[in-house]
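Along the sequence shown, the residues carry numbers beginning at 1. What's counted below: heavy atoms across the whole structure, side chains too, no hydrogens, waters or symmetry copies.
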Amino acid sequence: MSIEELHAMGLSEAQARWMLARYREQALTIARNDPFRLAEEVPGVGFLTADAIAARLGLREDAPGRLRAGTLRALRDAADEGHTCLARNRLVQEAQALLQIERRLVARTIGEMAGEGAVIAEAPATGIERDAWIYLPSLHVAEVGTAGILRSLSRADVARPPFPPEPERETAIERAQAEAGIPLARAQLEAVRAALSRRLVVITGGPGTGKTTVLKVLLTACRQRGIRALLAAPTGRGARRMAEATGWEARTIHRLLEYAPGRGFQRTGSRPLQCDLLIVDEASMVDISLAHRLLEALPMGCGLLLVGDANQLPSVGPGQVLRDIIASGAAAVVELTEIFRQAGESGIVANANRILLGLPPEEDLTRSDRDFLFIEQPDPGRAVSTIVELVRDRIPRRLSVDPVDGVQVLLPMHRGAAGASAVNRALQDALNPTGAPLHHGDGLFDRESPRFRIGDKVMQRRNDYEKGVFNGDIGRIAAAESGAVRVVFDADPVEYADDELYGLDLAYALSVHKSQGSEYPAIVLGLLDEHAAMLQRGLLYTALTRARKLAVIVGSRAALRTAVRRADTRSRSSGLVERLRTER
């Protein structure tokens, strides 16, 4: 058994090494007998690579294993795009395009897989006209389980101790306002009332509308009444920001649920959380699988308060849980729309709200302290140079922040002359020019994989439950020794073997999607014509609202106009709304 034999089949040298380490003497047998298994298990091997290996081995294009693998790949690609399910006809279309095979063969394969439980096919409820939904089994379990628990919360009796009964509720809220020294506006009062009286509540609103103020008064009331409240957010940055804003401890959802590498979530239905009220911030980021895990861990009688901005991009993972809960009518929803004085003076807040209305942002050139800037530079190469200059020199001088930690560059997409990959390399050279280079494998897990240096800012690309780091976590490479690389995430060191670095990306520049749940002193958003495929209003709004003190857009006015005009029409396929309405 040698690397050369696997390499000759079409695997990179690094992929061959990974297989030998994982499967040892069985590696070549597995590659020959079940090449599509490689697409499921070997990092960096996709369906097309496995399909090419299968063709070299003489596997027929209508072989059952190939048809099943292609169908699963189409369904998993849909999940990667945020869908929890696909209509049967759409799945047939997607799989047919991938397999380049007759439609009837794909349709037959889906039926066979559904009969075996490899996929779940769900017909519409009586009186509902639609095609059957096709699910990956894990997403079906998550969606059905989430809907069931949410329906129970929605219907539960609202009069429950230690929450104040209706005659005492107003007095409790008045006392909390007095102690916190915060008088609430009408909608904010409504939000606190709902959280103290209903089991399932959503508070939504954009920047500057006082969501944090509501939480401060609510938590004061909880402390006064002996209500055990727990606070959580999807990301470490979000949890820290929540703790700083409220003065209460906040944890990531994974830490709240006591995730343990190798053992999974320790807080479950059999060992629930100990609380009367669970408050989840940045709820738009919670995907269907994490929502299910969280809901399973709620104790009997607990209330759930979801706080978030429904106008932001939906979660990176499958589903659009917050939007679906709001659309279903299952929760008490309070929308905060009033922008308060201090926030109202911010160009960031004002322009974020203009964008939601389909209006272009405005720049107040009369103010030397303006916090929103547009720099017109439509040429991609020059735009990248401008971004580097802003991050390295101009913004750190203006705000007295560290260029690596205090300024985040955001881009609509990874590829292109001004995509996140290219900008990351430029910023790596500008911000970490002398960091000792790391050499990992042959770098072919991802043909655009970066060559890292000690000191680089990096992001975890996928959930790694063994290491306890998750998609979107950001850290710094601290050291490399004895074949291992140490990366520090939120003060926690994590060890990576040389051949595990494919799970990291440079993070000087991020896609807008990956920035969700985080805030930064300053953001620089590249917005160019080459990003046209990704430009839409929700993306621009999400990017702008990541900034606390300064937001700078670098790019073309044509691209900016396109982003403002184009509403987000790429809806996600999800059955959650229907389930919340129809008992399914």
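Of the candidates N351, V524, L540, L540 is the only one forming a side-chain contact (heavy atoms from CB on, under 4.5 Å) with I553.
Atom OH of Y135 sits about 12.5 Å away from atom NE2 of H83, to the nearest 0.5 Å. Taking SG from C275 and CD1 from I227, the interatomic distance works out to 11.5 Å, rounded to the nearest 0.5 Å. For the atom pair D464 CG and E500 CD, the distance stands at 7.0 Å (nearest 0.5 Å). To the nearest 0.5 Å, atoms CE (M113) and CD1 (I120) are separated by 10.5 Å. Between atom OG1 of residue T84 and atom CG of residue L75 there is a gap of 10.0 Å, rounded to the nearest 0.5 Å. A distance of 7.5 Å separates SG in C302 from CG in L230, rounded to the nearest 0.5 Å.
Residues S328 and L576 fail the side-chain proximity criterion, which asks for heavy atoms closer than 4.5 Å. Two residues are said to be in side-chain contact when any heavy atoms from C-beta on lie closer than 4.5 Å; L139 and S289 meet this criterion. Looking at heavy atoms from C-beta onward, V469 lies out of side-chain contact with V487 at the 4.5 angstrom threshold. Side-chain contact between K457 and Q408: present, with at least one pair of heavy atoms (C-beta onward) separated by less than 4.5 Å. Counting only heavy atoms from C-beta outward, the side chains of W133 and E578 approach each other to under 4.5 Å. Contact check for S315 versus R572: side-chain heavy atoms found under the 4.5 Å cut-off. Between T542 and L410, the closest side-chain pair of non-hydrogen atoms is not below 4.5 Å. Considering only heavy atoms from C-beta on, N353 comes within 4.5 Å of V349 through its side chain.
Between D77 and R73 there is a salt bridge, with a side-chain nitrogen of the basic residue lying less than 4.0 Å from a carboxylate oxygen of the acidic one. The pair R186-E338 does not count as a salt bridge, with every side-chain nitrogen at least 4.0 angstrom from each carboxylate oxygen.
Between the Q536 side chain and the G538 main chain, a donor and an acceptor come within less than 3.5 Å of each other. When atom types are taken as modelled, the side chain of E143 and the backbone of G575 share a donor-acceptor pair closer than 3.5 angstrom. The backbone N or O of P234 lies less than 3.5 Å from no partner atom in the side chain of T252, so there is not a single donor-acceptor pair. Proximity of a side-chain donor or acceptor of D131 to a complementary backbone N or O of R88 within less than 3.5 Å is detected. Listed for the K211 side chain is a donor-acceptor partner under 3.5 Å among the backbone atoms of G205. The main-chain N or O of A291 is never found under 3.5 Å from a side-chain atom of T146 such that the two would form a donor-acceptor pair. Listed for the D324 side chain is no donor-acceptor partner under 3.5 Å among the backbone atoms of V577. Not a single donor-acceptor pair under 3.5 Å links the side chain of R193 to the backbone N or O of R169. A distance-only check finds a donor-acceptor pair linking the side chain of R151 to the backbone of R579 [under 3.5 Å]. Put simply, the side chain of Q188 gets close to the backbone of A185: a donor and an acceptor are under 3.5 Å apart.
In the displayed structure, K549 atom NZ is contacted under 6.0 Å by at most 12 heavy atoms of other residues, nucleotides or ligands. The number of heavy-atom neighbours closer than 6.0 Å to CD of E166, taken from other residues, nucleotides and ligands shown, is 12 or below. Residue R255 qualifies as open at atom CZ: its count of foreign heavy atoms under 6.0 Å is 12 or below. Atom CZ of R293 sits in a sparse spot, with 12 or fewer heavy atoms from other residues, nucleotides or ligands closer than 6.0 Å.
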Inset, instruction - Under the side chain to side chain contact (heavy atoms under 4.5 Å, CB included) rule, what do S138 and V141 come out as? Steps first, then yes or no, please. - result: CA-CA 5 Å; S138 62; V141 168; 5.8 Å; no
Inset, instruction - Before giving the answer on side chain to side chain contact (heavy atoms under 4.5 Å, CB included), spell out for L72 and L136 the whole-Å C-alpha distance, their side-chain angles and the decisive distance to 0.1 Å. - result: CA-CA 8 Å; L72 283 175; L136 293 169; 4.0 Å; yes
Inset, instruction - Might you work through the side chain to side chain contact (heavy atoms under 4.5 Å, CB included) test for L295 and L304, ending with a clear yes or no? - result: CA-CA 9 Å; L295 289 168; L304 176 64; 3.6 Å; yes
Inset, instruction - Using the side chain to side chain contact (heavy atoms under 4.5 Å, CB included) rule, take L215 and M242 through it: C-alpha gap first, then chi angles, then the decisive distance, then the call. - result: CA-CA 10 Å; L215 291 184; M242 194 180 190; 4.3 Å; yes
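Taking all atoms of both residues into account, the shortest heavy-atom contact from V202 to A331 is CG2-CB, 4.0 Å. Smallest separation of non-hydrogen atoms from Y541 and P207: OH-CD, 3.3 Å. Contact detail for L273 and L256: the closest heavy-atom pair is CD2-O, 3.5 Å. The minimum heavy-atom distance linking A194 with V334 is given by the pair CB-CG2, 4.3 Å. Closest approach of T545 and A352 over heavy atoms only: CG2-CB, 3.8 Å. Closest approach of L98 to G70, counting heavy atoms only: CD2-O, 3.5 Å.
Residues in residues 265-296 take part in these ring-ring contact (aromatic ring centres under 6.0 Å, His included) pairs, two or more places apart or across chains: H254-F265, Y259-F265.
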